[in-house]
Asks: 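A single structure is presented below for examination.
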Amino acid sequence: MTEEQRIVAWGDELVKLHDGFRRDLADLRSSRAGAMDLRMHCLTFCDALHAHHEGEDNALFPHLGTEHPELAETLTRLRSEHQVVARFMERIRQLLDHEGMEVGEELDRLATELEAHLDYEEEQLVPILNRMLTLPEGV
């Protein structure tokens with residue numbers, strides 16, 4: 001398959017996925033939903049983001065590291081940022097487990113960290129992903 005035959009620009013697809021996470025997190029932060037709805041939406045968001053980061057850590061990043069050794073430092077930073085985001089999500093889960101605990105400030109902290117992470121990941125990886133013809137299994 002030649003570049004002209006590419007059906008999907010994987011980098012552009014990553015941006016679309018990230019934009020969905022950005023929208024979902026903004027909705028959570030502005031939510032006036034009851035505690036049960038907020039809990040359900042937060043947990044669903046956290047599960048989806050965790051699954052996305054797992055796919056990157058376990059499939060995409062190893063593939064990119066093999067194909068593009070110049071990305072070693074970038075991929076190390078992105079993996080580290082995934083761990084930071086995971087800690088924020090775990091803190092939110094803990095707060096949600098205690099009825100009446102406010103998660104707004106923690107959602108704000110998560111948003112700041114996640115936005116910076118997504119922006120950096122897009123800046124570094126979208127051009128490379130848009131040149132790829134296929135993605136590895138598990139992404």
Side-chain angles (χ1 to χ4, degrees):
M1 183 179 293
T2 67
E3 198 159 349
E4 293 80 29
Q5 295 172 311
R6 180 182 312 127
I7 296 171
V8 175
W10 298 113
D12 294 348
E13 292 301 310
L14 180 69
V15 171
K16 289 177 190 174
L17 182 63
H18 284 178
D19 285 348
F21 287 129
R22 287 178 176 105
R23 271 190 313 277
D24 291 346
L25 186 53
D27 289 347
L28 281 172
R29 292 173 69 202
S30 66
S31 176
R32 302 288 182 250
M36 202 53 137
D37 281 345
L38 179 62
R39 184 180 196 295
M40 183 184 69
H41 289 127
C42 277
L43 295 176
T44 300
F45 171 81
C46 287
D47 288 346
L49 185 59
H50 175 73
H52 169 68
H53 283 170
E54 255 189 351
E56 289 180 336
D57 289 341
N58 296 330
L60 181 61
F61 292 174
H63 176 77
L64 289 174
T66 299
E67 296 293 316
H68 299 277
E70 72 278 8
L71 289 176
E73 286 182 36
T74 297
L75 297 175
T76 297
R77 175 178 164 176
L78 292 172
R79 285 184 184 101
S80 176
E81 290 175 355
H82 286 175
Q83 292 173 357
V84 171
V85 167
R87 285 193 293 273
F88 279 111
M89 291 190 302
E90 182 57 32
R91 175 72 178 134
I92 290 167
R93 286 177 188 276
Q94 290 171 356
L95 290 171
L96 290 169
D97 285 342
H98 300 332
E99 195 171 319
M101 296 295 286
E102 182 59 43
V103 297
E105 286 182 21
E106 212 58 34
L107 285 171
D108 292 344
R109 289 185 192 103
L110 173 62
T112 299
E113 188 67 34
L114 186 60
E115 282 290 338
H117 167 72
L118 297 177
D119 290 346
Y120 178 74
E121 185 172 281
E122 290 169 1
E123 173 187 305
Q124 298 299 311
L125 300 185
V126 165
I128 292 166
L129 292 172
N130 276 345
R131 290 192 303 269
M132 293 173 58
L133 298 178
T134 60
L135 286 180
E137 284 290 318
V139 175

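Please read all numbers here as calculations on a predicted model, not as lab measurements. Computation of the quantities below employed the complete heavy-atom set of this structure, encompassing side-chain atoms and omitting hydrogens, waters and symmetry-equivalent molecules. Numbers for residues simply follow the sequence, beginning at 1.
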Asks: To check you understand the geometry: which heavy-atom pair defines the closest contact between Met132 and Trp10, and what is its length?
Replies: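 Met132 and Trp10 have their closest heavy atoms at O-CD1, 3.4 Å.
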
Asks: If you define the side chain from C-beta out and look only at heavy atoms, does anything of Glu73 sit under 4.5 Å from Gln124?
Replies: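 Sidechains of Gln124 and Glu73: no contact.
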
Asks: Please report the interatomic distance CD(Glu81) to CG(Leu118), rounded to the nearest 0.5 Å.
Replies: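 Rounded to the nearest 0.5 Å, the CD-CG separation comes to 9.0 Å.
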
Asks: Within the supplied structure, the quantity of interest is the number of heavy atoms (other residues, nucleotides, ligands) at a distance under 6.0 Å from Glu70 CD; does it exceed 12?
Replies: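 Counting other residues, nucleotides and ligands, CD of Glu70 exceeds 12 neighbours.
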
Asks: Should Glu121 and Leu14 count as side-chain neighbours, where that means a heavy-atom distance under 4.5 Å?
Replies: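 Yes. Closest side-chain heavy atoms under 4.5 Å.
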
Asks: Would His52 and Glu56 count as having a side-chain donor-acceptor pair, cut-off 3.5 Å?
Replies: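 Checked: His52/Glu56 side chains pair up, N/O donor to acceptor below 3.5 Å.
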
Asks: Within a strict 4.5 Å, meaning less than it, do heavy atoms of the Val103 and Leu28 side chains meet?
Replies: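 No, too far: nothing below the 4.5 Å cut-off.
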
Asks: Between Leu110 and Phe45, does a side chain to side chain contact (heavy atoms under 4.5 Å, CB included) hold up when you go through it step by step?
Replies: CA-CA 12 Å; Leu110 173 62; Phe45 171 81; 4.0 Å; yes

Asks: Please report the closest heavy-atom contact between Arg39 and Leu96, naming both atoms and the distance.
Replies: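 Scanning both residues, the minimum pair turns out to be NE-O, 3.5 Å.
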
Asks: Check whether Asn130 reaches the backbone of Asp12 with its side chain - one donor and one acceptor, N or O, closer than 3.5 Å.
Replies: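 It does hold such a pair.
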
Asks: Return yes when atom CD of Glu105 has more than 12 non-hydrogen atoms of other residues, nucleotides or ligands closer than 6.0 Å, and no otherwise.
Replies: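 No, the 6.0 Å shell around CD holds no more than 12 heavy atoms from other groups.
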
Asks: Compare all side-chain heavy atoms of Leu125 with those of Leu78 and state whether any distance is below 4.5 angstrom.
Replies: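 Touching, per the 4.5 Å side-chain cut-off.
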
Asks: Contact between Met89 and Asp47 at the side-chain level, heavy atoms closer than 4.5 Å - yes or no?
Replies: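 Contact flag for Met89/Asp47 side chains = no.
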
Asks: Within this structure, what is the CZ-OG1 distance for the pair Phe61 and Thr74, rounded to the nearest 0.5 Å?
Replies: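 Output value for this atom pair is 9.5 Å.
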
Asks: Taking all non-hydrogen atoms of both residues into account, name the closest pair between Asp57 and Arg79 and its distance.
Replies: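 It is OD1-CG, 3.5 Å.
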
Asks: Is the shortest heavy-atom distance from the side chain of Arg91 to the side chain of Leu95 under 4.5 Å?
Replies: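 SC-SC contact between Arg91 and Leu95 confirmed.
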
Asks: With side chains defined as the heavy atoms from C-beta onward, is the minimum distance between His50 and His53 less than 4.5 Å?
Replies: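 No, every pair of side-chain atoms sits at 4.5 Å or beyond.
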
Asks: Taking the six-membered ring where the residue is Trp, are the ring centres of His117 and Phe21 under 6.0 Å apart?
Replies: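 No, they do not, as the ring centres are separated by 6.0 Å or more.
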
Asks: Between Arg22 and Asp19, does any NZ, NE, NH1 or NH2 come within less than 4.0 Å of an OD or OE carboxylate oxygen?
Replies: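 Counted as a salt bridge, because a side-chain N and a carboxylate O are separated by less than 4.0 Å.
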
Asks: Does this structure show an ion pair linking Arg109 with Glu106, if we count only N-O contacts that are shorter than 4.0 Å?
Replies: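 Looking at Arg109 and Glu106, the cut-off is met.
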
Asks: How many angstroms lie between atom CG of Asp24 and atom CG of Leu49, to the nearest 0.5 angstrom?
Replies: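 Reported value, rounded in 0.5 Å steps: 10.0 Å.
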
Asks: Any cation-pi pair here, Arg77 with Tyr120, using under 6.0 Å and within 45°?
Replies: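 Because its charged atom sits under 6.0 Å from the ring centre and within 45° of the axis, Arg77 does stack over Tyr120.
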
Asks: With a 4.5 Å cut-off on side-chain heavy atoms, are Leu60 and Leu129 touching?
Replies: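 The answer is yes; the side chains approach within 4.5 Å.
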
Asks: Ignoring hydrogens and geometry, is there a side-chain-to-backbone donor-acceptor pair from Thr44 to Met40 under 3.5 Å?
Replies: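 Looks like yes, one N/O pair under 3.5 Å.
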
Asks: Give, for atom OG of Ser30 and atom CG of Leu25, the distance between the pair rounded to the nearest 0.5 Å.
Replies: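 The distance works out to 9.5 Å.
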
